2 protein chains.
Amino acid sequence: MPSPLGDKIRMLRKQKKLSLDQLAERTDSSKSYIWELENKDDPKPSAEKIGKIAAVLEVTAEFLLTEATTTPDEAVVDEAFFRKYKTMSEPDKKKIRKILDAWDDE
Amino acid sequence: MPSPLGDKIRMLRKQKKLSLDQLAERTDSSKSYIWELENKDDPKPSAEKIGKIAAVLEVTAEFLLTEATTTPDEAVVDEAFFRKYKTMSEPDKKKIRKILDAWDDE
DNA sequence: TGATGTCGTTCGGTATGCCGAACAAATTCG
DNA sequence: CGAATTTGTTCGGCATACCGAACGACATCA
């Protein structure tokens, strides 16, 4: 019954050898709530909590929240793409963004 | 009485010429709630809502939550773009890459 | 053995995130 | 101008995020 978010939190917490109490303390939460995040069905924490938890666990909030749907080697290609994008001029980048923006308007 | 978060949302929303209703629709929210985020004292939205709002406004969630200024700098916009790109299907991503590859041999 | 401590689990209550619907203001258009 | 439409605002209420406190499970150590 746990969620991907819960699994990630538990895994990272144990990796850092923290108890529920310790993680709770460092994230201004209660341990019962950390437990809920790890074990309940579909937790919907606030941005604030996720931010603090991510900081303590030394990952990005994005990592905790997204489903990691790409394979590692896809990720490499994506990173390369992003690097190239960043070398472009601002007006050109804007054009690319526009293209992406309009992508799924039927 | 508005918060920094509220100011940023309002600013970016107007910049994109969206009404409360339109932004609400695109973020699976109600317009009354978007209004609350913009105008209430100390809003504490869920990570889910902030993620969706950030995506539509084309900034990062961290920018909305932590940054002091109301206007995102280039890096924030780039990062938001990259996140949006990563949500696309692999074939679609490939097309975008092709476009970028063909960019500078005019 | 049983006292002490640490860890995870459960649960009742409170605050508030978030909603829909009604209302007010502004804007468009005849 | 007035009617229609679009925008922003207010408000009552449901659902749930988040809490503290009590509980059981397990290890440690006298």
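What you are looking at is a predicted structure, and each value in this text was computed from that prediction instead of being measured. To find a chain, count down the sequence lines: A is the first, B the second, and so on, and within it residues start at 1.
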Assess, by modelled atom type and distance only, whether the side chains of B/S29 and B/T27 contain a donor and an acceptor separated by less than 3.5 Å.
yes
Is A/S46 touching bases, backbone alone, or none of the nucleic acid, heavy atoms closer than 4.0 Å?
sugar-phosphate
Close N or O pairs between protein and nucleotides 13-15 of chain D (under 3.5 Å):
none

Return the value, rounded to whole Å, for the distance between atom CG of B/D41 and atom P of C/dA15.
17 Å
For A/E36 and C/dC11, give me the distance from atom CD to atom P, rounded to whole Å.
12 Å
Under 4.5 Å between side-chain heavy atoms, counting indirect links through other Ile/Leu/Val/Met/Phe/Trp/Tyr residues: same cluster for A/V56 and A/M11 or not?
no
Within the structure shown, what part of the strands sits under 4.0 Å from B/P45 by heavy-atom distance: base, sugar-phosphate, or nothing?
sugar-phosphate
Paired with B/L37, the side chain to side chain contact (heavy atoms under 4.5 Å, CB included) test is passed by just one of B/L64, B/I9, B/L20, namely B/I9
With a 4.0 Å cut-off on N to O distance, would you call A/K94 and A/E90 a salt bridge?
no
Below 4.0 angstrom, N of the basic side chain to O of the carboxylate: do B/E38 and B/R13 qualify?
yes
Test item: side-chain donor near acceptor, A/R97 and A/Y85, under 3.5 Å:
yes
Between B/K98 and B/D101, does any NZ, NE, NH1 or NH2 come within less than 4.0 Å of an OD or OE carboxylate oxygen?
no
Give B/D28 one of three labels, base, sugar-phosphate or nothing, depending on what nucleic acid heavy atoms sit under 4.0 Å from its own.
sugar-phosphate
Separation of A/K40 atom NZ from C/dC11 atom C1', in whole Å?
12 Å
Rounded to whole Å, please give me the gap between CD1 in B/I34 and C1' in D/dT9.
14 Å
Can you check the B/W35 CH2 to C/dA25 P distance for me, whole Å?
14 Å
May I have the distance from B/Q22 (atom CD) to D/dT6 (atom C1'), rounded to whole angstrom?
10 Å
Can the positive tip of A/K84 be found less than 6.0 Å from the middle of the six-membered ring of A/F82, inside 45° of the ring normal?
no
Among the candidates D/dC19, C/dG17, C/dA21, find the nucleotide nearest to the side-chain atoms of B/S32.
C/dA21
Rounded to whole Å, please give me the gap between CD in A/E48 and P in C/dG17.
10 Å
What is the distance, rounded to the nearest whole Å, between atom NZ of B/K31 and atom C1' of D/dT6?
9 Å
Any residue of residues 11-21 of chain A with a heavy atom less than 4.0 Å from an atom of DNA chain D
none
Does the ring of B/F81 carry A/K93 above it, NZ/CZ under 6.0 angstrom from centre and within 45° of its axis?
no
